[in-house]
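A short worksheet on the structure shown next.
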There are 2 protein chains.
Amino acid sequence: MLKDIIDNNENYQPGLSIDCVIFGFHDNQLKVLLIKVERANKWSLPGGFIPVDQDIDTAAITVLNSRTGVDGVFLRQFATFGKVDRNKQHFDKKTLEYLKIEEAKGKWLMRRFVTIGYYALVDFSKILPNPANRHEIVEWIDHKEVPELILDHREILDKALDTLRIELNLMPIGYNLLPEKFTIPELQKLYETILDKKLDRRNFLRKITNIGILTKLDEKKSNVAHKAPNLYSFDKEKYDEVLKNGLNQGW
Amino acid sequence: MLKDIIDNNENYQPGLSIDCVIFGFHDNQLKVLLIKVERANKWSLPGGFIPVDQDIDTAAITVLNSRTGVDGVFLRQFATFGKVDRNKQHFDKKTLEYLKIEEAKGKWLMRRFVTIGYYALVDFSKILPNPANRHEIVEWIDHKEVPELILDHREILDKALDTLRIELNLMPIGYNLLPEKFTIPELQKLYETILDKKLDRRNFLRKITNIGILTKLDEKKSNVAHKAPNLYSFDKEKYDEVLKNGLNQGW
DNA sequence: TCATTAATGTGTTATTATGACGCAATGTAC
DNA sequence: GTACATTGCGTCATAATAACACATTAATGA
């Protein structure tokens, strides 16, 4: 893996990487897919390098796909991070020794790196977190309980969430985060979780249905306490149309 | 210049550049600062490389500052462009010969480049376009009359304008694009130019004043045909506050 | 069985924001 | 002076939003 890349580092863009913030939604919680390598004591965002013969968007899809197995999902570039010392001393001599990387080749890793941030929205239920190898742990972690991350990954994660919050006002969200059939309260919880604030049930219903991207199904959710809520699905055609044109016109 | 960078290319991030879309406003037109080198037949965005010991934001400021002489202006990263072939065959052998760059060193330039896009809003009246050398032309060009650009610079420019249009709905714009004292009709023209659509005079006044970022001055614009419009200035404190918190809450 | 409870579904009202205008005021040009 | 273009201020109908009341539903347990 990493060693293969180092050994063939001329096939990759030097000093440039990709990090993905992969969001999922489960148990009314916003989850983030994080990775921990055996030896490390901190978690990190799934990332990767950019083959010289691949578009950066393609490289991002590869990163996402290798960890989640899904493709065709919502994936968007949101920012590029390039503080001078952002990866200072990340790969020290000891780590290189441990990874059995020659010092000469290790220099490729030790140089200053700029990273391009992407965020993805995926259907939690369809994902089986997929470790790249047996030395790696991949896990969904509640975004409110994210532990200390390596480098500036915390900053990257925060910026991704900020972007998602802003984009919530510009486009519909949910198609990639919820199962095919869902209830309005579930969709509302998703919005509330992302925005980290309570919304009025009745006003939410009116606003979300007025957008015209929902199809009310002739079916109720089963096995629930209390009144069974109606099931809905997204009208993909209208959803994509709104995605393209945006929600609010503003001026 | 370029030759100095190539000769000391180990001091710069390889395969990574910065391009700036610098917007100004003059004669009720949105202008873009473009560059043409003597030998080239196409215009390009002002750009530069990233010293290994500089944050990318700092490098962007350097690019902007070197062409316009101003600093402390609005400068924002908006996207990173990394199609595989975006700079394919941009520097060919002939060009390298012309620039008196040895073939070995020229390889640094010929590799695949990813570029980070920044856009800036500057006060047209305060800027003296500043060529980096005598082989270079720097000019303000009406955004509606931008000629063919090199590489994917057209795409970069379009994306910058798209971003600006979206951000117009999220934050106040004008502080960096207009002189200190301005009239409401001038501000409206700015909005209309950016959005490329007509706005109702009276509704615009109401909406823009309701934001609470304008100070009505006890002064009218002089030397104008017809009724003299009142002068306004931005209340910087409130302006910055709204900039930070955003305009629309949406949900 | 049936009241309790905690959800969902639907509707109402007051307030605010928006879009589409009317009209008077101002200052230049003739 | 009058014509004219532009600014400044206001009105009105409509739409969007926030706050809230009440009926409905289904599981629970006395």
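These numbers were taken from a predicted model, which means no experiment stands behind them. A, B, ... follow the sequence lines: proteins, then strands. Residue 1 opens every chain.
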Is any NZ, NE, NH1 or NH2 atom of the basic residue among A:E155 and A:R86 found under 4.0 Å from an Asp or Glu carboxylate oxygen of the other?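 Salt bridge: no.
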In terms of side-chain geometry, is the basic nitrogen of A:D55 or B:K83 positioned less than 4.0 Å from the acidic oxygen of its partner?
no
[X] side chain near [Y] side chain, heavy-atom distance below 4.5 Å:
| X | Y | result |
| --- | --- | --- |
| B:K31 | B:F124 | yes |
| B:T193 | B:D196 | no |
| A:K36 | A:E139 | no |

In whole angstrom, give the distance that lies between atom [atom1] of [X] and atom [atom2] of [N].
| X | N | atom1 | atom2 | result |
| --- | --- | --- | --- | --- |
| B:K198 | D:dT6 | NZ | C1' | 12 Å |
| B:F204 | D:dT7 | CZ | P | 12 Å |
| A:N210 | D:dA18 | CG | P | 13 Å |
| A:I208 | C:dG9 | CD1 | P | 14 Å |
| B:K221 | D:dT6 | NZ | P | 15 Å |
| B:N169 | C:dT18 | CG | P | 11 Å |
| A:L205 | C:dA7 | CG | P | 18 Å |

On the nucleotide D:dT17, are OP1 or OP2 found under 4.0 Å from the side-chain N or O atoms that A:K207 carries?
yes
5' to 3', nucleotides 20-30 of chain C under a 4.0 Å protein heavy-atom cut-off (B base, S sugar-phosphate only, - none) gives BBB--BBBS--
Contacts of A:E180 meeting salt bridge (charged side-chain N to carboxylate O under 4.0 Å, His left out) (sequence neighbours excluded), chain-then-number -> none
Show me the donor-acceptor pairs within less than 3.5 Å that the side chains of residues 197-210 of chain B make with the rest of the protein, sequence neighbours left out.
| residue | atom | partner | partner atom | Å |
| --- | --- | --- | --- | --- |
| B:K197 | NZ | A:W251 | O | 3.3 |
| B:D200 | OD1 | B:R202 | N | 2.9 |
| B:D200 | OD1 | B:N203 | N | 3.0 |
| B:D200 | OD2 | B:R202 | NH2 | 3.3 |
| B:N203 | OD1 | B:R206 | NH2 | 2.9 |
| B:K207 | NZ | A:G250 | O | 3.3 |
| B:T209 | OG1 | B:L205 | O | 2.6 |
| B:T209 | OG1 | B:R206 | O | 3.1 |
| B:N210 | ND2 | B:R206 | O | 3.4 |

> With sequence neighbours left out, which residue pairs that include part of residues 57-66 of chain B fulfil the side-chain hydrogen bond (donor to acceptor under 3.5 Å, both in side chains) condition?
Replying inline: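 As it turns out, the side-chain hydrogen bond (donor to acceptor under 3.5 Å, both in side chains) pairs with a partner in residues 57-66 of chain B, which skip direct neighbours, are B:D57-B:Y118.
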What does A:K216 touch in the nucleic acid at a heavy-atom separation under 4.0 angstrom: a base, only the sugar-phosphate, or nothing?
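Sugar-phosphate contact only.
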Within residues 183-193 of chain B, the residues having a heavy atom closer than 4.0 Å to DNA chain C are none
With a cut-off of 3.5 Å and sequence neighbours excluded, list every side-chain donor-acceptor pair involving residues 225-236 of chain A.
| residue | atom | partner | partner atom | Å |
| --- | --- | --- | --- | --- |
| A:D235 | OD1 | A:E237 | N | 3.2 |
| A:D235 | OD1 | A:K238 | N | 3.3 |
| A:K236 | NZ | A:D240 | OD2 | 3.1 |

